[in-house]
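We use all heavy atoms of the structure for the numbers below, so side chains are in, but hydrogens, waters and symmetry mates are not.
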Amino acid sequence: MDIVFEDERFEKECNNQRLLEKNQGAVRAKKIRRRLDDLRDANSLSEMRNLPGRCHELLYGRAGQLSLDLDHPYRLIFEPAHEPIPVKPDGGLDWNEVTAIKIIGVEDTHE
């Protein structure tokens, strides 16, 4: 899958393990790297459903975004990077057609 970043600073952080560990801590940094590697290796978003990290769509004010579990309560937040976003006939996101994503960042979505 193709990955772009919304925030250039976070992209640099993700591409520098030492900086990632300094800013996120060793445990979260390791999980971020693992999730990014899984995303890069996937052909489409649907493949993420079978991997660790509980990939799921967010609701309410975050509709259109997805998250992957890191260390509780933190999540890797992203959204499809397609224009238009692929949808199924019922209007839901077509996970099989999502082949590019935009990383938004790491957040506690429960705040």
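Smallest separation of non-hydrogen atoms from G64 and P80: O-CD, 3.5 Å.
Here A100 pairs with D2, A81, H82 under the side-chain contact (heavy atoms from CB on, under 4.5 Å) rule; sequence neighbours left out. Legend: residues meeting side chain to side chain donor-acceptor pair (under 3.5 Å) with N15, ordered by chain and number and at least two apart, are absent. With sequence neighbours excluded, no residue forms a salt bridge (charged side-chain N to carboxylate O under 4.0 Å, His left out) with R34. For P73, the side-chain contact (heavy atoms from CB on, under 4.5 Å) partners two or more places apart in sequence, or in a different chain, are D108, H110. With sequence neighbours left out, the side chain to side chain donor-acceptor pair (under 3.5 Å) criterion links E57 to W95. Every residue two or more places apart in sequence or in another chain was checked for a salt bridge (charged side-chain N to carboxylate O under 4.0 Å, His left out) with E13, and none qualifies. Scanning for salt bridge (charged side-chain N to carboxylate O under 4.0 Å, His left out) contacts around E107 gives R62, with sequence neighbours left out. Residues passing the side chain to side chain donor-acceptor pair (under 3.5 Å) test with K31: none are found, sequence neighbours excluded. Listed by chain and number, the residues in a salt bridge (charged side-chain N to carboxylate O under 4.0 Å, His left out) with R35 amount to none (sequence neighbours excluded).
The hydrophobic cluster containing L19, built from Ile/Leu/Val/Met/Phe/Trp/Tyr side-chain heavy atoms closer than 4.5 Å, comprises no other residue.
K88 places none of its side-chain heavy atoms less than 4.5 Å from the side chain of L93. Using a 4.5 Å heavy-atom cutoff, the side chains of L36 and C14 are in contact. The shortest distance between side-chain heavy atoms of L68 and R75 does not fall below 4.5 Å. Contact of the H56 side chain with the D69 side chain is registered, since non-hydrogen atoms from C-beta on lie closer than 4.5 Å. For the pair I104 and L76, the minimum side-chain heavy-atom distance is 4.5 Å or more. Taking 4.5 Å as the limit, some side-chain heavy atom of L66 sits within range of a side-chain heavy atom of L45.
A distance of 14.5 Å separates CD in Q17 from NZ in K22, rounded to the nearest 0.5 Å. Atom CD of E79 and atom CD of Q65 lie 5.5 Å apart (nearest 0.5 Å).
A single hydrophobic cluster is not seen to contain both L58 and Y74; linkage of ILVMFWY side chains at heavy-atom distances under 4.5 Å, directly or through other members, places them apart. I77 and I32 are members of different hydrophobic clusters when ILVMFWY side chains are connected at heavy-atom separations under 4.5 Å. Neither V27 nor L70 shares a network with the other; the hydrophobic side chains, linked directly or stepwise wherever heavy atoms of I, L, V, M, F, W or Y lie under 4.5 Å apart, form separate groups for each.
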Less than 3.5 Å apart, which donor and acceptor atoms pair up between the side chains of residues 37-44 and the rest of the protein, not counting sequence neighbours?
| residue | atom | partner | partner atom | Å |
| --- | --- | --- | --- | --- |
| N43 | ND2 | E47 | OE2 | 3.2 |
| S44 | OG | S46 | OG | 2.8 |

For residues 5-12, which side-chain donor-acceptor pairs fall under 3.5 Å, sequence neighbours excluded?
| residue | atom | partner | partner atom | Å |
| --- | --- | --- | --- | --- |
| D7 | OD1 | R9 | N | 2.7 |
| D7 | OD1 | F10 | N | 3.3 |

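At a threshold of 4.0 Å, the pair D71-R28 counts as salt-bridged, since one of the basic side-chain nitrogens sits closer than that to a carboxylate oxygen.
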- Message: I'd like to know whether I3 forms a side-chain contact (heavy atoms from CB on, under 4.5 Å) with F78, so could you lay out the CA-CA distance, the side-chain angles of the two residues, the decisive distance to 0.1 Å, and finally the verdict.
- Response: CA-CA 10 Å; I3 299 175; F78 62 96; over 6 Å; no
